[in-house]
Amino acid sequence: MKLSHRWLARHLKEVPEPAQVASGLLQMGIEVGSVETWGEIYREIELVEVVERRPHPHADLLSLVTVRRALHELVTVVTGANNGFTGDRLWYAPPGTHLPDGRVLETVTMRGIPSPGMLLSAAELGFQDTTGDLWIYHGDLPLGSRFIDEVGGTDTIYELELTPNLAVFDQSVLGIARELAAVLELELTPLSAPLEYRQDPGVAEVKDPLACPVYGLSGFEVAGIQNSPLWMQVLLVAIGLRVIHPVVDVTNFVLWDLGHPMHAFDQQRVVLPIEVRKAAEGEVMILLDGSECQLRADDLVIADQIGPIALAGIMGGQRAAISAETRQVWLESAYFNASGIFLSMRTHRLSTDAAIHFGKGTDPEIVPVAAQATVDILSDCGAMVTKGSSTIIGQMPMRRRIRFQPDRIRSLLGVDWTNQDISQALDRLRFQVDGDWISIPSNRHDVTATEDLCEEVARVIGLDMIPVTVPHSPNVPGARNQEVEFQERLRDLWVESGYCEVVTRPFWSPSRDVVTMADVPDPVRISNPLRAEEEMLRTSLLPHLLEVVGYNRSRRDQPVAIFELAPIYARKQDRAEEPMQLAVAEILDDYPQYPKGLPENLAIYRLKGTLEWVIRRLNLEISTVTDRDLPAFMHPGRSATVLNTEKRTVGFLGELRPRVASRYHAKRIGVLSLFDIHHTKSAISGVVPSPSRYPEVVRDLSLVVPEASTVGTLNRIVLDAHLADLKNLRLIDVFSGQWGRSVTLRMVFQSNTRTLTDSEVDIQMGHAIEILRGQGMMMRER
Amino acid sequence: MGLPDSNELKDLSDQLAAASTSLQVQEVRAEWIGRRGRITLALKGLSNLAPEERRRQGQILNAAREQATRLVDERLEQLRQQEEDVQLLRERLDMTIAGVEPKVGLLHPLTRVRRLLEDLFLRMGFSLAYGPEIETTWYNFEALNIPENHPARDMQDSFFVDLPGMVLRTHTSPVQIRGMEAAKGLLPVKIIAPGRVYRRDDDATHAPMFHQIEALVVDRGITLGDLKGTLMAMATELLGKSIATRFRPSYFPFTEPSVEMDVTCAACGGTGCRTCKGTGWVEILGSGLVHPVVLQNGGYDPQEVSGFAFGLGIERLAMRIFGLDDLRPLYQNDLEYLMAFDRYTGRPML
């Protein structure tokens, strides 16, 4: 909301400095978004007097007007205006002047005659005057005066940000003035007396008193009035409103002055009596903005005997609208039920100034006051207001009362303010304390309970005055969630292993990648996505991760190793589930190959090794196997399935098919997807063995094995032999030659009780070799 | 041969100085203290002398031999050092070349800021609590005193899903209700709830998915002063002792009274700049005393207990801590950008 500093003077006997206004508003919870000076451009516009007017020698419609500036300097300007004769005083903009519409004036040559600057109309200055083309000045200012003097100097314009609760009662200059009066202890100017309605019969009927508790209508003559008073025009223009017609201007003015929207109808276009009623379903009306409004049964309308003439509290209709020909008007001042207006505003998407006031709730008691204020201003303009008929329907609602509980206010705020401090603070906001009760001002629809009063007291006395304390609750150490702690550890381990954590958004669409998204028949869809490619919630992390790989790869040729631990989303009947998933992706190109002698491109073992390390670190109860079906996008020869202890598939690991990887600008991408990751209880059990004091015996065993056999099988066989002192078994070399596939294992023997002899180890080795031979795995001969 | 005098030892020194290789020094050593060296031979000759004389000369000769040995060893060590230097300098590397850094990963900055906050509140005795991202409209709205027609429930602000009565939660505040329900009427309730939240916004400072931390304290006699104290402790802990705080009345449907906290603008230090619109302050969180309706919906009697709650945007805090003006890159996951967050920020948890 825009606030004119000068306008405050209508309600405050003394208006504080702008800085004080801003800090007072801040204490009351009203943020001042920006502060601007209005009127600077009017400093350049000066008052001149016409000394001669003659026809333009080359153009019939133009005249040459010579004006005298201050210091008797004469200037001749070409004008097309039909007024401005010798002796008239006019507003002149010299070259270089900035006009409100953004134009910068210069000397232009019109039909051969140079014209320095311009003589101005009211519209060119942003004002309204209907007496002629040029704005003739009739006041007492001396020649050379600036237009800024005529409009009373510059003004400070604040852009205020009102929270929804303050918007209930603060969307007006009066509202803001009341807040400032309360916080800065200023005196308010009393409001004008209420209009005395005459209760003429046959003028209006209210069919729905719940939706419209108070409805006032007063008629008067506006014929002959042409312009709004300049002081009012200045205030309206300063907050960015256009001045149009006195009747429209004054209702706009009262709306922003008192926070009370009103409406005027052309009497000649209305067939009495006016009715306030719910619309009939399917009823249609043309609104002031020319649009057609399909009314619904819960819309409240103002209608005459022909049909609706206004969507109540929101916008008038075209049929009974004020026009230049209007001679008599009906002025409506009413109090509507806020929620009804709010709903209609939402339904029809009509956030008019009237609707944002009525929709928040207005002050019923201001109905006749606003009407009188309007009448007063129109009288100033020359309107005949005394003769018209008028009526007001409905009872003024009683002010609500709630219990006054100063103890509770003190205990909620944590203060020791006295009852008197508290009731004075409330009194400054027009709450009246009466013994155990407190009566709520008629416009404070936001206040219903003591908690609301706490806020009022704190606003007036100041949040800064509340002492700083900490809760005195017994001190209990904060607890983490075990499952989450496990997830954090998992993140740390991947980071320690050299993988970078990424955070992606869970929005997804099949148009992005159908290949790697887990095939879930019924994903959760977003009803109102921001974009088509974000229409559903992901069922797998992997595609997002691969997009990150592709994004990075397209930018630079560097290794990428990333992971994300986040929920995915699955539908379960009418509910959703959000299981956590881990996904890892890594570009395998250009990595050094190790161990040497293995086939090329084996960086996948780095990813696999990290998983194995993580499994060990967290005692995860999972393992990898190679005999299960794999997703189709995985490399069939370089992937493995992750199983849990129940042998259920909980993930997969390996390379993407190169064809899939190439979509992400890499030859080979290693991925890991774990979709059932849980903290295991066994993670905290277990004993770390003491180190042995006896020496290790190391034996390397080179075997020639069948092509189809795996190192996994080999290891299994050796381990299943249960060699008494075998402490460690490690693959150190593998290669294929003419004789077949060769594997070298390093076996470490150690006892905790004695030094092993060679012969003891020989016996154990011999046992292993024998078992291996039975499986077709022979010692390699050199 | 007679006793070696100081002139002779001077001879030895000269010879050693003249020797330029360890081999030459070995020759000098042989000449003096080798098996047939001058001093060795002189010592052998002692056996012919009378005991008295033998002891006298023996002492002198032994001293001479010790000194000779020392001189030889010193020279030898000197030459070895020189020879080694020559050899090692052939292995010279260009030590101006950048070192090979260890290949490490990094937690996402948002994870790090989240952990910083969690750590801080754990130390203050808050426990972690969680709620689902796909939330019922009851927990996300009604239970928090946001009725059907409230503007916050506009389609414009929330993502709805094709599950009846469900919405992507627009804030972590539903965990207030869930946290109270989980506490089953016990006191105190003292929780923080970090998590992802969703709103239909997408620009430099608003992301459709972002992270919040919600805090809730419910107990007998909790006051607005307690809220102020807790928030000020938090601000100092997060942003340093030099930070100033300011409280302003505000509005949230689920708190009453509602308060926003501003802190000194980091960009200008409080003098006023573009970031803070010239005010010297930036808002960092919304808070307030828990609304009686919310306490009731969580199963607590507002006449018996009171509480405070606040919500903090993790992205907003990350932007402040790392000095960011655009949060979109945080979700773009350009690794070069993410790895740039590896600089030490003065906070151990980060």
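Below, each value reflects all heavy atoms present in this structure, side chains not excepted, and no hydrogens, waters or symmetry copies. In this text the structure is predicted, and so the values were computed from the model without any measurement. Quick note on labels: first sequence line is chain A, next is B, and so on, each numbered from 1.
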Checklist line | Per-residue contact mode, R220(B) against chain A (heavy atom under 4.5 angstrom) | finding: backbone
Notebook entry, point to check: Considering only heavy atoms, which portion of S411(A) lies under 4.5 Å from any heavy atom of chain B: side chain, backbone, both, or neither?
Noted result: backbone
Note to self: Is it the case that over 12 heavy atoms from other parts of the model lie below 6.0 angstrom from the CZ atom of R274(B)?
What the structure shows: no
Margin query: For a quick test of reading the model, state the closest non-hydrogen atom pair linking M339(B) to C500(A) and the distance between them.
Written below: SD-SG, 3.5 Å
Next item on the list: Go through the atoms of R410(A) and report whether side chain, backbone, both or neither lie under 4.5 Å from a heavy atom of chain B.
Entry: neither
Next item on the list: For each of G288(B), G278(B), S258(B), tally heavy-atom pairs with chain A at distances under 4.5 Å, and name the one with the top tally.
Entry: S258(B)
Next item on the list: Indicate the atoms forming the closest heavy-atom contact of R196(B) with P567(A), along with that distance.
Entry: NE-CD, 3.9 Å
Next item on the list: Name the member of G462(A), A458(A), G414(A) that forms the most heavy-atom pairs with chain B at distances under 4.5 Å.
Entry: G414(A)
Check: With chain B, which of V35(A), D464(A), D492(A) has the greatest number of heavy-atom pairs at distances under 4.5 Å?
Finding: D492(A)
Checklist line | Residue D219(B) versus chain A: region with a heavy atom under 4.5 Å | finding: side chain
Check: So, do V503(A) and H211(B) sit near enough that their side-chain heavy atoms are less than 4.5 Å apart?
Finding: yes
Item checked: Structural part of E31(A) lying under 4.5 Å from a heavy atom of chain B -> side chain
Next item on the list: Would you mind checking which part of L343(A) comes under 4.5 Å of any heavy atom in chain B, side chain (CB onward), backbone (N, CA, C, O), both or neither?
Entry: side chain
Checklist line | Residue P188(B) versus chain A: region with a heavy atom under 4.5 Å | finding: side chain
Notebook entry, point to check: Would you say the side-chain atoms of S306(B) pair up with the backbone N or O of L412(A), donor to acceptor, closer than 3.5 Å?
Noted result: no
Check: Is the CD atom of E36(A) crowded by more than 12 outside heavy atoms at less than 6.0 Å?
Finding: no
Notebook entry, point to check: Distance from C454(A) atom SG to L289(B) atom CG, nearest 0.5 Å?
Noted result: 7.0 Å
Notebook entry, point to check: Which heavy atom in F159(B) sits nearest to a heavy atom in P529(A), and how many Å separate them?
Noted result: CE2-CA, 4.2 Å
Notebook entry, point to check: Does a sphere of radius 6.0 Å around CG in D522(A) hold more than 12 heavy atoms from other residues, nucleotides or ligands, not counting ones at 6.0 Å or beyond?
Noted result: yes
Next item on the list: Could you check I466(A) against K228(B) for side-chain contact (heavy atoms from CB on, under 4.5 Å), going step by step and ending with a plain yes or no?
Entry: CA-CA 8 Å; I466(A) 296 175; K228(B) 278 180 72 178; 4.1 Å; yes
Check: Hey, mind stepping through V476(A) and S127(B) against side-chain contact (heavy atoms from CB on, under 4.5 Å) and telling me if it holds?
Finding: CA-CA 9 Å; V476(A) 181; S127(B) 291; over 6 Å; no
Next item on the list: Go through the atoms of Y551(A) and report whether side chain, backbone, both or neither lie under 4.5 Å from a heavy atom of chain B.
Entry: side chain
Check: Which atoms of A449(A) come close to chain B, meaning under 4.5 Å heavy atom to heavy atom: side chain ones, backbone ones, both, or neither?
Finding: neither
Check: Looking at F247(B), Y130(B), F308(B), which makes the most heavy-atom pairs under 4.5 Å with chain A?
Finding: Y130(B)
Check: Between L330(B) and chain A, which part of the residue has a heavy atom less than 4.5 Å away: side chain, backbone, both or neither?
Finding: backbone
Check: Taking side chain as C-beta onward, heavy atoms only, is N333(B) less than 4.5 Å from I562(A)?
Finding: no
Note to self: Under a 3.5 Å cutoff, is there a donor and acceptor pairing between the side chains of D226(B) and T469(A)?
What the structure shows: yes
Next item on the list: With a 4.5 angstrom heavy-atom cut-off, could you sort out which part of P477(A) is near chain B: side chain, backbone, both or neither?
Entry: backbone
Next item on the list: Determine the option with the most heavy-atom pairs under 4.5 angstrom with chain A, choosing from L110(B), I191(B), V104(B).
Entry: V104(B)
Next item on the list: For residues V524(A) and D162(B), determine if any side-chain heavy atom of one lies less than 4.5 Å from a side-chain heavy atom of the other.
Entry: yes
Margin query: With side-chain contact (heavy atoms from CB on, under 4.5 Å) as the criterion, how do R246(B) and L26(A) come out once you've worked through the C-alpha distance, each side chain's angles and the decisive distance to 0.1 Å?
Written below: CA-CA 10 Å; R246(B) 175 175 94 169; L26(A) 186 85; 3.4 Å; yes
Margin query: Rounded at 0.5 Å granularity, tell me how far OG1 in T448(A) sits from CD in E256(B).
Written below: 8.0 Å
Next item on the list: Below 4.5 Å from any heavy atom of chain B, which atoms of E161(A) appear? Answer side chain, backbone, both or neither.
Entry: side chain
Margin query: Ignoring hydrogens, what is the shortest heavy-atom contact between T136(B) and R575(A)? Give both atom names and the distance.
Written below: CG2-NH1, 3.2 Å
Next item on the list: Check whether A129(B) gets within reach of chain A through its side chain, its backbone, both or neither, counting any heavy atom under 4.5 Å.
Entry: neither
Checklist line | R491(A) side chain near H108(B) side chain, heavy-atom distance below 4.5 Å | finding: no
Next item on the list: Please flag which part of E451(A) lies under 4.5 Å from any non-hydrogen atom of chain B: side chain, backbone, both or neither.
Entry: both
Margin query: Applying side-chain contact (heavy atoms from CB on, under 4.5 Å) to V415(A) and L224(B), what does each step give before you reach the verdict?
Written below: CA-CA 9 Å; V415(A) 296; L224(B) 199 62; over 6 Å; no
Margin query: What part of L107(B) gets within 4.5 angstrom of chain A, counting heavy atoms only: side chain, backbone, both, or neither?
Written below: both
Check: Taking every heavy-atom pair that is under 4.5 Å apart, which of R408(A), E547(A), E456(A), M28(A) has the most such pairs with chain B?
Finding: R408(A)
Item checked: Segment of T279(B) engaging chain A (4.5 angstrom heavy-atom cut-off) -> neither
Note to self: I'd like to know if R112(B) pairs up with E501(A) as an ion pair, taking the criterion as any Lys NZ or Arg NE/NH1/NH2 lying under 4.0 Å from an Asp or Glu carboxylate oxygen.
What the structure shows: no
Notebook entry, point to check: Less than 4.5 Å apart, any side-chain heavy atom of D202(B) and any of R531(A)?
Noted result: yes
Next item on the list: Check whether L106(B) gets within reach of chain A through its side chain, its backbone, both or neither, counting any heavy atom under 4.5 Å.
Entry: both
Next item on the list: Identify which part of Q573(A) has an atom lying under 4.5 Å from any heavy atom of chain B, answering side chain, backbone, both or neither.
Entry: backbone
Checklist line | Portion of V484(A) that has a non-hydrogen atom of chain B nearer than 4.5 angstrom | finding: side chain
Notebook entry, point to check: Which one of T111(B), T230(B), L338(B), V259(B) has the most heavy-atom pairs closer than 4.5 Å to chain A?
Noted result: T111(B)
Margin query: Tell me the closest heavy-atom pair linking S250(B) and N165(A), and the distance in Å.
Written below: O-ND2, 4.1 Å
Note to self: For N528(A), is there any backbone N or O sitting under 3.5 Å from a side-chain donor or acceptor partner on R200(B)?
What the structure shows: yes
Item checked: Toward chain A, the part of F252(B) with a non-hydrogen atom under 4.5 Å -> neither
Item checked: Closest contact, heavy atoms only, R571(A) versus L163(B) -> NH1-CD2, 3.3 Å
Checklist line | E578(A) side-chain N/O to E133(B) backbone N/O, donor-acceptor pair under 3.5 Å | finding: yes
Next item on the list: Measure distances from F126(B) to the heavy atoms of chain A and classify the residue's part below 4.5 Å as side chain, backbone, both or neither.
Entry: backbone
Next item on the list: For the pair F507(A) and Y198(B), name the ring-plane relationship: parallel under 30°, tilted 30 to 60°, perpendicular over 60°.
Entry: perpendicular
Next item on the list: To the nearest 0.5 angstrom, please state how far the CD atom of Q332(B) sits from the CG atom of N552(A).
Entry: 10.0 Å
Item checked: Top contributor to chain A contacts, counting heavy-atom pairs under 4.5 Å, from L187(B), L231(B), L168(B), I134(B) -> I134(B)
Next item on the list: Indicate yes or no: does E336(B) engage R555(A) in a salt bridge with an N to O separation below 4.0 Å.
Entry: no
